[in-house]
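In this text the structure is predicted, and so the values were computed from the model without any measurement. Throughout, protein chains are lettered first and strands after them, A, B, ... in sequence-line order, and every chain is numbered starting at 1. Just so you know, these numbers use all the heavy atoms, side chains as well, and skip hydrogens, waters and symmetry mates.
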Amino acid sequence: MDFPKKITKQLFKRKNILDEDFYSRDTATVARELLGKVLIIGDEESYCGGFIVEDEAYYGLNDPASHACNGATPRSKIMFEKPGIAYVYFCYGNHYLLNVVTEKPTIPGAVLIRAIEPVFGTGEMIKRRQVKDPERLAKGPGNLTKALGIEKSFNGKNMTDFKDGLFIAGFDISDFNNDSKKNEEIISIFKKYNEIKEISSSSRVGIKQGTESMLRFYIKGSRFVSGKN
DNA sequence: ACCACGATGAACT
DNA sequence: GTTCATCGTGGTC
């Protein structure tokens with residue numbers, strides 16, 4: 001792979017991979033804290049991914065916009081299960097959308113990942129998307145899954161274990177302290193997301209009910225966030 | 001069994 | 001700003 005070993009090693013390090021305790025909390029809190037974390041698909045030999053810049057929180061019975069608002073159905077039952085598993089569903093006849101399950105088991109919740117700044121394996125993403133502009137590559141939940149090659153077989157994957165090939169990692173910027181100049185560019189991106197940050201919130205996108213809740217979160221000013229600006 | 005509609009995106013006017 | 005492709009899901013009959 002074309003990335004410094006040190007970086008690959010850190011991303012796949014167990015202590016940096018977000019675990020069940022991280023996801024087993026209030027959904028909006030998890031959504032906020034996922035901003036600036038690294039979404040990775042693949043293994044240490046070959047992987048794609050980038051930094052999460054936009055997501056949305058979905059709850060259960062009291063959230064009319066949620067798939068879980070009427071209780072568990074064959075599709076939504078996964079939202080009631082173990083925190084940290086992937087909920088991937090097919091939408092509008094064209095798109096797969098990626099969520100991470102949150103809250104304690106039996107309590108429904110999930111965070112929809114809406115956009116990343118693509119950094120790792122961008123060549124692969126460009127191939128899948130037929131789009132070159134990095135700003136547009138993984139902007140919007142349908143574009144993001146297409147760029148990363150996520151489809152229905154990813155539903156139910158355990159995102160707290162890199163063995164399932166899909167996870168979200170934090171990182172420790174101090175590990176990159178005395179690195180050579182050739183890694184300067186990529187390390188500056190890690191620094192950028194380490195120092196977040198102003199988080200903005202808004203109404204969620206594409207829903208007709210529950211629009212009063214400000215449950216969409218994004219990094220203010222990021223060019224990789226979907227929508228008008 | 002039926003059918004309206006969507007946690008979208010692209011291509012239009 | 002509007003339209004529309006496309007099909008799985010789930011509420012309704």
Side-chain angles (χ1 to χ4, degrees), chain A residues 23 26-32 34-35 39 50 52-81 83-103 107-118 125-157 159 166 168 199-219 222-229:
Chain A
Y23 296 111
D26 170 70
T27 307
T29 303
V30 173
R32 283 179 171 277
L34 281 176
L35 296 177
L39 175 65
I52 297 172
V53 296
E54 179 188 359
D55 59 22
E56 287 176 354
Y58 287 86
Y59 288 95
L61 293 171
N62 297 320
D63 182 358
S66 172
H67 290 161
C69 70
N70 291 321
T73 65
R75 180 175 64 166
S76 71
K77 68 175 193 288
I78 196 163
M79 288 180 68
F80 295 73
E81 293 171 14
I85 59 178
Y87 169 35
V88 177
Y89 75 94
F90 189 58
C91 181
Y92 290 108
N94 293 295
H95 312 286
Y96 294 99
L97 271 58
L98 171 67
N99 299 254
V100 197
V101 173
T102 56
E103 310 275 353
I107 313 276
V111 174
L112 170 70
I113 313 294
R114 290 189 56 89
I116 62 170
E117 172 173 351
M125 296 191 220
I126 289 165
K127 255 191 255 170
R128 294 200 188 96
R129 284 270 290 123
Q130 301 291 311
V131 165
K132 277 193 174 164
D133 180 3
E135 285 187 27
R136 294 171 47 203
L137 213 44
K139 181 190 289 239
N143 288 335
L144 179 145
T145 54
K146 189 173 181 194
L148 296 176
I150 291 170
E151 29 65 41
K152 58 176 177 288
S153 71
F154 285 79
N155 191 41
K157 281 207 187 300
M159 295 181 70
L166 180 67
I168 301 171
I199 294 174
S200 298
S201 63
S202 77
S203 179
R204 291 168 292 184
V205 176
I207 56 167
K208 296 228 164 80
Q209 294 175 52
T211 52
E212 68 286 351
S213 307
M214 307 298 261
L215 290 173
R216 170 173 172 258
F217 304 99
Y218 57 98
I219 295 177
S222 170
R223 308 183 314 280
F224 301 92
V225 170
S226 73
K228 310 163 187 78
N229 214 355

**Q** With a non-hydrogen cut-off below 4.0 angstrom, is A:Arg216 in contact with a base, only sugar-phosphate, or nothing?
**A** nothing
**Q** Taking it one step at a time, do A:Tyr59 and A:Asp26 satisfy side chain to side chain contact (heavy atoms under 4.5 Å, CB included)?
**A** CA-CA 9 Å; A:Tyr59 288 95; A:Asp26 170 70; 2.8 Å; yes
**Q** Give the rounded distance in Å between these two atoms: NE2 of A:His67 and C1' of B:dT8.
**A** 12 Å
**Q** Rounded to the nearest 0.5 Å, what separates atom CG in A:Asn62 from atom OG in A:Ser213?
**A** 10.0 Å
**Q** Whole angstroms only, please: what is the OH-P distance between A:Tyr218 and B:dA7?
**A** 21 Å
**Q** Among B:dA10, C:dG11, B:dT8, which nucleotide sits nearest the side chain of A:Val205?
**A** B:dT8
**Q** Taking C:dT3 as the reference, what is the distance to B:dC5 when you measure between their C1' atoms (whole Å, please)?
**A** 16 Å
**Q** Would you mind reading off the distance between A:Lys208 atom NZ and B:dC5 atom P, rounded to a whole angstrom?
**A** 8 Å
**Q** Using a cut-off of 4.0 Å on non-hydrogen atoms, how would the nucleic acid contact of A:Ile207 be classed: base, sugar-phosphate, or nothing?
**A** sugar-phosphate
**Q** Expressed as a whole number of angstroms, how long is the span from A:Arg114:CZ to B:dG9:C1'?
**A** 11 Å
**Q** Just checking A:Asn99: base, sugar-phosphate only, or nothing, at a heavy-atom cut-off of under 4.0 Å?
**A** base
**Q** How about A:Leu39 and A:Leu166: do any of their side-chain heavy atoms sit closer than 4.5 Å?
**A** yes
**Q** Would you mind reading off the distance between A:Arg204 atom CZ and B:dT8 atom C1', rounded to a whole angstrom?
**A** 16 Å
**Q** Do A:Val53 and A:Leu35 make a side-chain contact, defined as non-hydrogen atoms from C-beta onward lying under 4.5 Å apart?
**A** no
**Q** Please check if atom CZ in A:Arg128 has more than 12 non-hydrogen atoms from other residues, nucleotides or ligands closer than 6.0 Å.
**A** yes
**Q** Go ahead and write out DNA chain B as dot-bracket, 5' to 3': ( ) for pairs within the strand, [ ] for ones crossing earlier pairs, | when the partner sits on another strand, dots for unpaired; Watson-Crick or G-U wobble, both distances under 3.5 Å.
**A** ||||||.|||||.
**Q** Taking the same atom, C1', in C:dG1 and in B:dA7, what whole-Å distance lies between them?
**A** 22 Å
**Q** Please give, in whole Å, the distance from B:dT8 P to A:Ile113 CD1?
**A** 14 Å
**Q** Please produce a list of atom pairs where a protein N or O lies less than 3.5 Å from an N or O of nucleotides 7-9 of chain C.
**A**
| residue | atom | partner | partner atom | Å |
| --- | --- | --- | --- | --- |
| C:dT9 | O3' | A:Arg75 | NE | 3.2 |

**Q** If you take all heavy atoms of A:Val131 and A:Leu137, which pair is closest and at what distance?
**A** O-CD1, 3.2 Å
**Q** Classify the angle between the aromatic ring planes of A:Tyr96 and A:Phe90 as parallel (below 30°), tilted (30 to 60°) or perpendicular (above 60°).
**A** tilted
**Q** Is there a side-chain contact between A:Tyr218 and A:Ser200 in this structure, where contact means two heavy atoms from C-beta onward sitting under 4.5 Å apart?
**A** yes
**Q** Does any part of the side chain of A:Val88, heavy atoms only, come nearer than 4.5 Å to the side chain of A:Thr145, both counted from C-beta?
**A** no
**Q** Does A:Arg136 have a side-chain nitrogen or oxygen under 4.0 Å from the phosphate oxygens OP1 or OP2 of B:dA10?
**A** no
**Q** Between A:Asn143 and B:dT8, is there a side-chain N or O to OP1/OP2 distance below 4.0 Å?
**A** no
